[in-house]
Amino acid sequence: MNIVVCVKHVPDATADRRFESDNTVDRVGVDGLLSELDEYAVEQALQLKEKSEDPASTTVTALCVGPEKAVDAVRKALQMGCDQGIHVSDEAVAGSDYIATSLVLAKAVEKAGEETPVDLVMCGMASTDASGSVVPAMLAERMGLPQVTLASVVETQGDQVRVKRDGDTSTEVIGATMPLVLSVTDQTGEARYPSFKGIMAAKKKPMQTWSLADIGVDPSLVGLSVAWSEVDETTERPPRSQGEIVKDEDGSGAPALAGFLASKKFI
Amino acid sequence: MSEVLVLVDHVEGAVRKPTYELLAIAKRLGEPSAVFIGPADKAQEATEKLTAYGAEKIYVVDDSEIRGYLVAPKAETLQQLVQQASPAAVLIPSTSEGKEIGARLAIKTESGLITDAVDVQSDGGVPVTTQSVFAGSWTTRSKVTQGTPIITVKPNSAEPEQTAGAGAVENFAPTISDAAKLAKVVASQPRQASGRPELTEAAIVVSGGRGTGGDFAPIEGLADALGAAVGASRAAVDSGWMPHSFQVGQTGKTVSPQLYVANGISGAIQHRAGMQTSKTIIAVNKDEEAPIFELVDFGVVGDLHAILPAATEEITKRKG
Ligand SMILES: Cc1cc2nc3c(=O)[nH]c(=O)nc-3n(C[C@H](O)[C@H](O)[C@H](O)COP(=O)(O)OP(=O)(O)OC[C@H]3O[C@@H](n4cnc5c(N)ncnc54)[C@H](O)[C@@H]3O)c2cc1C
Ligand SMILES: Nc1ncnc2c1ncn2[C@@H]1O[C@H](COP(=O)(O)O)[C@@H](O)[C@H]1O
């Protein structure tokens, strides 16, 4: 099996994330890391490999589109156990919207499958910065592949994929045949930490850096200036000011709470 | 005036409230045209409601051939409607399905996509959206600059308006490719309705976390006294105390109710991401250092197992 996992490098959600003056996400001033939600995709890809009859014949490739620093996301994926990495890095990509990002990813997956066709393109459920949850669907659309998204349980048998998905109104089982695009949720189970051995081994794993020219994407189709949507204004929300905090002493908490609710006309 | 397409979110013909909100938004931009993709025998029930909430036109698409094939056929349907109607915008409820339909439609029609808008206003007919990003700590304003603006809109982003439209029904039969039928629902188990308001639509949400110790009775009791929906932190969901559909946060639902009551929830950034924009926030937590208290309008430091039942009783008494 040939699996490509799309991993995004994002600003740390626990840091003070912010925008640049051109209203793009600040990817330099804030520490970045492999999007936590993509770790689940890496984990599921590695499990599919480990569970397959002949693990050695399955290749898991981590693919990231992003600036120079974004290579760290690929490295982390290699440390976790992916076999090889691809980093698409090109100045022209900066400020791309979902549309352009999905174009670059689709073309990179295409190139990655030139020798051995890609069976599974795996994604996280959402990037933790943009959190659109749209890139997997766009990839499927661009590549003409079936999409099976937001899986909480993934099973494969030969080229058949079955996933469980928890919807709003029902729990569903979805089936499709490879090749396909698959995204997984954080319900799939904890992602592994890189072991010391994994960290050492990662240094020797094949790693490629591709430019737009390498994957045959016209640079004039990507980047901030040609995005099909634009952000005109970004404003930081004033932090919420802390209201009244009372201690529950001898049952004083409940009437205080009811009193507050009444004062706000909730009762 | 141009049409504005609104994709109807419904469960077996029962239209969900966010659709009415989208019809109200569509009116700001042009003439609302609802797109109902569903069982033909449920269409009448839906069209009556959609008309009452301002739909000028309703495209009825019988889904008997495409049911169970997820989002791809719906995106193809919308693409064909966009071609026919040249709408000023396409508005889609910001559910996970809605976002994926929007994503595919954007590629198909070479149009810009904006997801998770919490407001849409008209700037001379051009939709200008507001989004809440980075766990609700920033607000952005955006617009689409190419093609037909495709915008997915979060629940509670507008007040539904009960002003009847013309409601002209037009049956529409899309051509669906075989390629759109490659992924399919092979089994489905409907979730039991709780009888409580829908989490993302509710005016009040009462949530419980690890601090409940697995006993959600005090949470449910308070929720029912307030007519609220019940929510949960991921810790509570991961412990198996509540189904995932109750989870509030980055990887669960985003809620923006009038009142959010967090009980036994510490207030991790991923939880905040789903509730930070609530109008009023209350927390009950026995640890006065819990980060959730940084956000609250009112907080009680103490044991939820003692405070909530007593508060519920007090509320019921006050309500008479
Ligand atoms: C990628 C990712 C995505 C995530 N997505 C989400 C998400 O969508 N939603 C989400 O909620 N979390 C999410 N999390 C998890 C999040 O980081 C926290 O771990 C989680 O929110 C903690 O839940 P909690 O507050 O219930 O538990 P804890 O952090 O353990 O807090 C429990 C609180 O209960 C209090 N308490 C204990 N007993 C009592 C009592 N008797 N009375 C009153 N208070 C009591 C304690 O003081 C404590 O503050 C995500 C994490 C990651 C890494
Ligand atoms: N720049 C990127 N590089 C690699 N993968 C990405 C990138 N952007 C998005 N993805 C993938 O698409 C998923 C959904 O992203 P999004 O639609 O931005 O929420 C992520 O979880 C990743 O798997």
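Each chain gets a letter, A, B and so on, in the order the sequences are listed, and its residues count up from 1.
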Check ion pair A:Arg240-B:Glu294 (N to O, under 4.0 angstrom): no

Contact origin within B:Glu110 toward chain A - heavy atom pairs under 4.5 Å: both

Toward chain A, the part of B:Leu70 with a non-hydrogen atom under 4.5 Å: side chain

Value rounded to 0.5 Å, distance of CD1 in A:Ile267 from NZ in B:Lys317: 11.0 Å

Basic-acidic side-chain contact under 4.0 Å: A:Asp248, B:Lys286: no

Residues B:Arg234, A:Asp186; criterion salt bridge (Lys or Arg N to Asp or Glu O under 4.0 Å); working and verdict: CA-CA 10 Å; B:Arg234 185 169 109 172; A:Asp186 60 337; 2.6 Å; yes

By ring pair (Phe, Tyr, Trp, His ring centres under 6.0 Å) - contacts of B:Tyr69 (at least two apart): none

Side-chain heavy atoms of A:Val134 within contact of B:Leu113, under 4.5 Å: yes

Which atoms of B:Arg16 approach chain A - backbone, side chain, both or neither, heavy atom under 4.5 Å: side chain

Engaged part of B:Thr115 at the chain A interface, taking heavy atoms whose separation is under 4.5 Å: side chain

Winner by heavy-atom pair count (cut-off under 4.5 Å) against chain A, out of B:Gly68, B:Ser137, B:Ser245: B:Ser137

Closest heavy-atom pair and its distance - B:Ala183, A:Val148: CB-CG2, 4.2 Å

Contacting moiety of B:Val186, where chain A heavy atoms sit under 4.5 Å: both

Residue selection (most heavy-atom pairs with chain A, distance under 4.5 Å) from B:Glu97, B:Glu313, B:Lys253, B:Gln270: B:Lys253

Choice from A:Ala262, A:Gly253, A:Gly175, A:Pro146 maximising heavy atom contacts with chain B below 4.5 Å: A:Gly175

Structural part of B:Val237 lying under 4.5 Å from a heavy atom of chain A: side chain

Any donor-acceptor pair under 3.5 Å from B:Thr145 side chain to A:Trp228 backbone: yes

Residues in salt bridge (Lys or Arg N to Asp or Glu O under 4.0 Å) contact with A:Arg165, at least two apart in sequence or another chain: A:Glu172

A:Ala140 portion near chain B, given a 4.5 angstrom heavy-atom threshold: both

Chain B contact via A:Leu37 - side chain, backbone, both or neither, heavy atoms under 4.5 Å: side chain

Closest non-hydrogen atom pair, A:Ser170 against B:Pro190: CB-CA, 3.7 Å

From A:Leu261 atom CG to B:Leu226 atom CG, the distance as rounded to the nearest 0.5 Å: 6.0 Å

Proximal component of B:Leu295, with respect to chain A [non-hydrogen, under 4.5 Å]: both

Positions in residues 19-33 of chain A that reach chain B, provided some heavy atom is under 4.5 Å away: A:Phe19, A:Val25

Proximal component of A:Leu257, with respect to chain B [non-hydrogen, under 4.5 Å]: both

Nearest heavy atoms of B:Ile114 and A:Ser229, plus distance in Å: CG1-CB, 4.2 Å

Structural part of B:Ser111 lying under 4.5 Å from a heavy atom of chain A: backbone

Inter-residue atom distance A:Glu36.CD - B:Thr251.OG1, 0.5 Å rounding: 10.0 Å

Separation between CZ of A:Arg17 and CH2 of B:Trp138, rounded to the nearest 0.5 Å: 11.5 Å

Side chain / backbone / both / neither for B:Arg104 at chain A, heavy atoms under 4.5 Å: both

Choice from A:Met138, A:Glu230, A:Lys247 maximising heavy atom contacts with chain B below 4.5 Å: A:Glu230

A:Gln242 side chain vs B:Phe293 backbone, donor-acceptor pair below 3.5 Å: yes

Contact listing (chain B partner; residues 152-162 of chain A; heavy atom under 4.5 Å): A:Arg162

Nearest-0.5 Å distance, CZ of residue B:Phe298 to CD of residue A:Glu244: 5.0 Å

Part of A:Gln187 lying under 4.5 Å from any heavy atom of chain B: side chain

Which portion of B:Val128 sits near chain A, non-hydrogen atoms under 4.5 angstrom: neither

Residue selection (most heavy-atom pairs with chain B, distance under 4.5 Å) from A:Asp16, A:Thr149, A:Thr14: A:Thr149

B:Glu288 versus chain A, the contacting section by heavy-atom distance below 4.5 Å: side chain

Heavy-atom pair with the smallest gap, counting every atom of B:Arg191 and A:Gly167: NH2-O, 3.0 Å

Min side-chain heavy-atom separation B:Leu259-A:Lys264 under 4.5 Å: no

Under 4.5 Å from a heavy atom of chain A, the part of B:Ala179 involved: neither

Part of A:Phe266 within contact of chain B (heavy atom distance under 4.5 Å): both

Nearest heavy-atom neighbours spanning B:Glu100 and A:Ser133: CG-O, 4.2 Å

Closest approach of A:Ala258 to B:Glu314 (non-hydrogen atoms, all atoms of both residues): CB-CG, 3.3 Å

Contacting region of A:Ser102 [heavy-atom separation from chain B under 4.5 Å]: side chain

Contact check, side chains of B:Val301 and A:Ile245, non-hydrogen atoms, under 4.5 Å: yes

Part of A:Asp97 within contact of chain B (heavy atom distance under 4.5 Å): neither

Portion of B:Ala72 that has a non-hydrogen atom of chain A nearer than 4.5 angstrom: neither

Interatomic spacing from OG1 in B:Thr130 to CD in A:Glu233 - rounded to 0.5 Å: 8.5 Å

Options A:Asp129, A:Val231, A:Asp166, ranked by heavy-atom pairs under 4.5 Å with chain B, top entry: A:Val231

Interchain contact, B:Lys319 with chain A, by part (heavy-atom threshold 4.5 Å): side chain

Derivation of the side-chain contact (heavy atoms from CB on, under 4.5 Å) call for A:Arg142 and B:Ile107: CA-CA 7 Å; A:Arg142 288 190 182 280; B:Ile107 302 288; 3.4 Å; yes

Among B:Asp303, B:Ile282, B:Val133, residue most engaged with chain A (heavy-atom pairs, under 4.5 Å): B:Ile282

Pairs of heavy atoms under 4.5 Å with chain A: top-ranked of B:Thr139, B:Thr277, B:Thr140: B:Thr139

Selection from B:Ile101, B:Val11, B:Asp297 maximising heavy-atom pairs under 4.5 Å formed with chain A: B:Asp297

Residue among B:Pro149, B:Gly136, B:Ala273, B:Pro309 with most heavy-atom pairs under 4.5 Å to chain A: B:Gly136

